[in-house]
Amino acid sequence: MNNVTEFKRRRLALQSQLKPRSMALLMARPEVLRNGDTAYPYRPDSNFFYLSGLAEPEAVFILLSKDLGGQCILFNRPRDPKLERWNGFMLGLEGALSELAVDEAYPIAEFQQKLPDYLQQVQCVYAPWGRMPQLDQWIMDAQEHLKKQVRRGVSWPTECIDVQHMVDEMRVIKSDYEIQLMRHAAQSSVKAHRAVMQYAKPGLHEYQVEAHFNYHCGLENCRFQAYPPIVASGANACILHYVDNAAPLQDGDLLLIDAGGEYNYYTSDITRTFPVNGRFSEPQRQIYELVLAAQLAGIAAVKPGVAWNEVQRVMLHILTTGLVALGLLQGDVDTLIEEKAFLQFYMHGSGHFLGLDTHDAGAYKIAGQWRLLEPGMTLTVEPGLYIDANDTSVDKKWRGIGVRIEDDVVVTKEGCDILSDGLIKTVADIEAWMAR
Ligand code: GLY
Ligand code: MN
Ligand code: MN
C-alpha cells in the first residue's frame with residue numbers, strides 16, 4: 001500500500017522548513033549480510049522511508065528548497081530483468097515517478113557524478129550527518145571537488161544542518177493514515193496475544209510460544225516483528241529485554257510476553273503477563289493487580305497538555321503506595337519516591353513514542369522541559385514490577401515475579417484512544433479466557 005498524498009504532504013512540510021538556496025538529502029540504509037551471502041530482510045531507514053516511500057536499498061532522496069524549484073528527486077536502482085528474475089520486483093525509475101510521485105528519477109550510479117552540480121547551487125545542506133557514512137563521504141568528496149575550482153568562480157555550501165532532527169520531529173504527530181496503519185499493527189498483535197494466552201501451558205517452551213505469536217501476526221500481514229519478541233517465563237521476566245526464549249514453561253510460573261507485529265513499517269509494542277497454568281497464585285495476583293492499577297491510571301492520565309513525565313509520576317505513586325502496602329518497601333511514600341526506592345523493582349520509564357520505530361523519533365524534553373502531550377502523538381504505557389529471584393531483602397514468596405503490562409495509545413482531543421484495545425488484562429478475564 002502506498003499513499004502518495006501522504007508522502008507529498010510530508011515533503012512539503014519539510015520543504016517549508018528549508019532555508020533558501022538549500023537542499024535536503026536522505027539515503028536508504030544499505031543491505032546488511034546476516035551470514036554468508038544471506039542478507040537480513042531489508043527494512044528501510046525510517047526517516048528515508050517517511051519522505052520517499054521507497055523500501056529498497058541503494059537510493060538517495062533529494063528535496064530542493066522552493067526558490068531552487070522545489071523538486072523532489074530520487075536516485076535509485078533502475079529495473080534489471082536479470083536481477084528481478086532472482087530477487088523479485090524492483091521499482092525502477094519509472095516506478096519512482098509514477099508510484100512515489102517524485103519529480104525526477106535518475107540511476108543511483110549517476111549520483112556521485114551529479115552531486116557537485118546540486119551542491120554548487122546551494123549554501124546549506126541538510127543531511128543525516130554521521131548516520132549514513134557513505135552519504136557523508138560522497139558530500140565531502142563533492143565539496144573537495146568544488147573547492148578545487150574556486151578560481152573559476154565555483155562556490156560550495158558552507159552550512160550543514162542535521163535533517164535527522166527535523167524529520168524526527170515531524171514524525172512525532174501521526175496523521176490519520178499513520179494511525180490507521182498503527183491500529184492494524186496493534187490489532188493484529190492483540191489477536192496474536194489472545195491466541196498465545198490460550199496456547200501456552202506447562203511443558204511447552206518459550207520458543208514455541210514465540211513461534212505461535214509470529215504465526216498469528218503473519219496471518220494478518222505483519223510478516224515482521226517490530227523487535228525480537230520477549231517471551232519470558234518465571235524469573236526470566238525480570239530481565240527487561242530477555243530474548244533467549246529457550247526455557248520450558250513451568251507450572252506455577254508467570255509468562256511475560258512483550259511482542260508486537262509491524263505493519264507497513266509501523267510498529268506495535270504490547271506486553272501481557274499471565275500464569276502458565278491459567279491461575280494466578282496469591283502473590284502473583286497481588287503484584288499483577290498493582291501493576292494493572294498503575295497502568296490504568298497511567299492511561300487515564302494521557303491527554304493533551306499533560307507533561308510527558310506526568311504519566312510516570314501518577315504510576316510511581318500507585319506502585320510505591322502498593323509496594324508499601326504489600327511490605328515490599330517500608331517508609332513514607334513521598335520520601336520513598338523522592339529517594340527513588342522503587343528502582344529496586346521498577347527500573348524503566350513509563351513508555352516511549354511509537355511509530356515507524358518502536359522507540360520512535362522525537363524529543364522528550366524541549367528547552368529542558370518535559371514535552372506536553374498533543375493530539376496525534378502515539379506512545380506506550382508500560383509499568384512493571386520485577387522482583388529479582390535472588391533478592392533476599394524481600395519475603396521468599398515474591399522472589400522471581402516479573403510483571404509488565406503495556407498498551408499502545410494515541411492522544412486524542414479529549415484524552416487517548418487505545419490502539420491495542422480489546423486485549424484482556426484483568427485477573428478475572430485472563431483466567432476465564434485461559435480456561436476456555
Ligand atoms: N519492547 C520494548 C519496550 O517495551 O520498550
Ligand atoms: Mn514492549
Ligand atoms: Mn515499549
Side-chain angles (χ1 to χ4, degrees), residues 43 46 168 171-172 174 179 182-183 185-194 196-197 206-207 209-210 213-214 216-217 222 224-233 236-245 254-263 265-274 288 291-292 294-296 298-299 301-302 308-309 311-312 314-316 319 343 345-364 371 373 377-386 402-411 416-421 423-425:
R43 168 60 159 80
S46 297
D168 280 358
R171 286 170 48 194
V172 171
K174 272 67 178 179
I179 291 167
M182 290 184 69
R183 203 182 294 278
Q187 283 302 312
S188 303
S189 307
V190 165
K191 284 188 187 166
H193 272 282
R194 287 172 70 93
V196 297
M197 246 185 229
E206 292 165 346
Y207 58 79
V209 177
E210 178 184 11
F213 188 89
N214 292 344
H216 281 275
C217 285
C222 296
F224 299 104
Q225 294 293 309
Y227 52 91
I230 297 164
V231 182
S233 60
N236 293 335
C238 299
I239 302 167
L240 300 180
H241 286 169
Y242 173 82
V243 287
D244 285 351
N245 300 354
L254 289 179
L255 178 61
L256 180 155
I257 304 179
D258 180 343
E262 182 179 287
Y263 178 65
Y265 309 112
Y266 281 86
T267 62
S268 61
D269 180 5
I270 303 173
T271 308
R272 286 295 182 268
T273 310
F274 56 88
Y288 185 88
V291 176
L292 181 58
Q295 205 234 11
L296 294 174
I299 292 175
V302 174
W308 178 270
N309 64 335
V311 178
Q312 182 76 322
V314 165
M315 298 202 301
L316 277 179
L319 291 174
L343 284 178
F345 306 115
Y346 177 44
M347 53 298 277
H348 56 76
S350 64
H352 45 85
F353 289 132
L354 185 75
L356 284 168
D357 294 311
T358 306
H359 294 167
D360 206 36
Y364 290 80
R371 182 170 210 152
L373 298 180
M377 287 180 173
T378 44
L379 54 135
T380 65
V381 181
E382 50 175 308
L385 287 174
Y386 315 93
V403 172
R404 177 163 62 255
I405 307 173
E406 176 174 27
D407 280 296
D408 304 342
V409 305
V410 53
V411 183
C416 72
D417 187 9
I418 304 176
L419 295 170
S420 48
D421 201 19
L423 182 49
I424 43 187
K425 58 183 170 184

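Predicted model only: the values in this text are computed from it and were never measured. Both counts, for ligands and for their atoms, begin at 1 and track the order of listing. Along the sequence shown, residues are numbered consecutively beginning with 1.
The Mn ion (ligand 2) lies closest to atom OD1 when only the N/O/S atoms of Asp269 are considered. The N, O or S atom of Glu406 lying closest to the Mn ion (ligand 2) is OE1.
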Worksheet item: Taking it one step at a time, do Asn236 and Tyr242 satisfy side chain to side chain donor-acceptor pair (under 3.5 Å)?
Response: CA-CA 7 Å; Asn236 293 335; Tyr242 173 82; 3.2 Å; yes
Worksheet item: Where do His359 and Asp269 land on the side chain to side chain donor-acceptor pair (under 3.5 Å) test, with the steps shown first?
Response: CA-CA 9 Å; His359 294 167; Asp269 180 5; 5.0 Å; no
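Using a 4.0 Å cut-off to heavy atoms of Glu406, the atoms of ligand 1 that qualify are 4 (O). Remark: ligand 1 atoms within the under-4.0 Å shell around heavy atoms of Tyr227 are 1 (N).
Between Asp408 and Arg183 there is no salt bridge, since no side-chain N of the basic residue sits under 4.0 Å from a carboxylate O of the acidic one. Looking at Glu262 and Arg43, a side-chain N of the basic residue comes within less than 4.0 Å of a carboxylate O on the acidic one, giving a salt bridge.
Put simply, the side chain of Thr378 never gets that close to the backbone of Val410: no donor and acceptor are under 3.5 Å apart.
Taking atom 3 (C) of ligand 1 as the reference point, the nearest protein heavy-atom neighbour is Asp269 OD2, 3.3 Å.
Residue contacts with ligand 1 include His359, since one or more of its heavy atoms lies under 4.0 Å from the ligand. Residue Thr358 places every heavy atom at 4.0 Å or more from ligand 1.
At the Mn ion (ligand 3), the vertex angle linking NE2 of His352 with OE2 of Glu382 is 90° (nearest 10 degrees).
Closest approach of Trp308 and Ser350 over heavy atoms only: NE1-OG, 4.2 Å.
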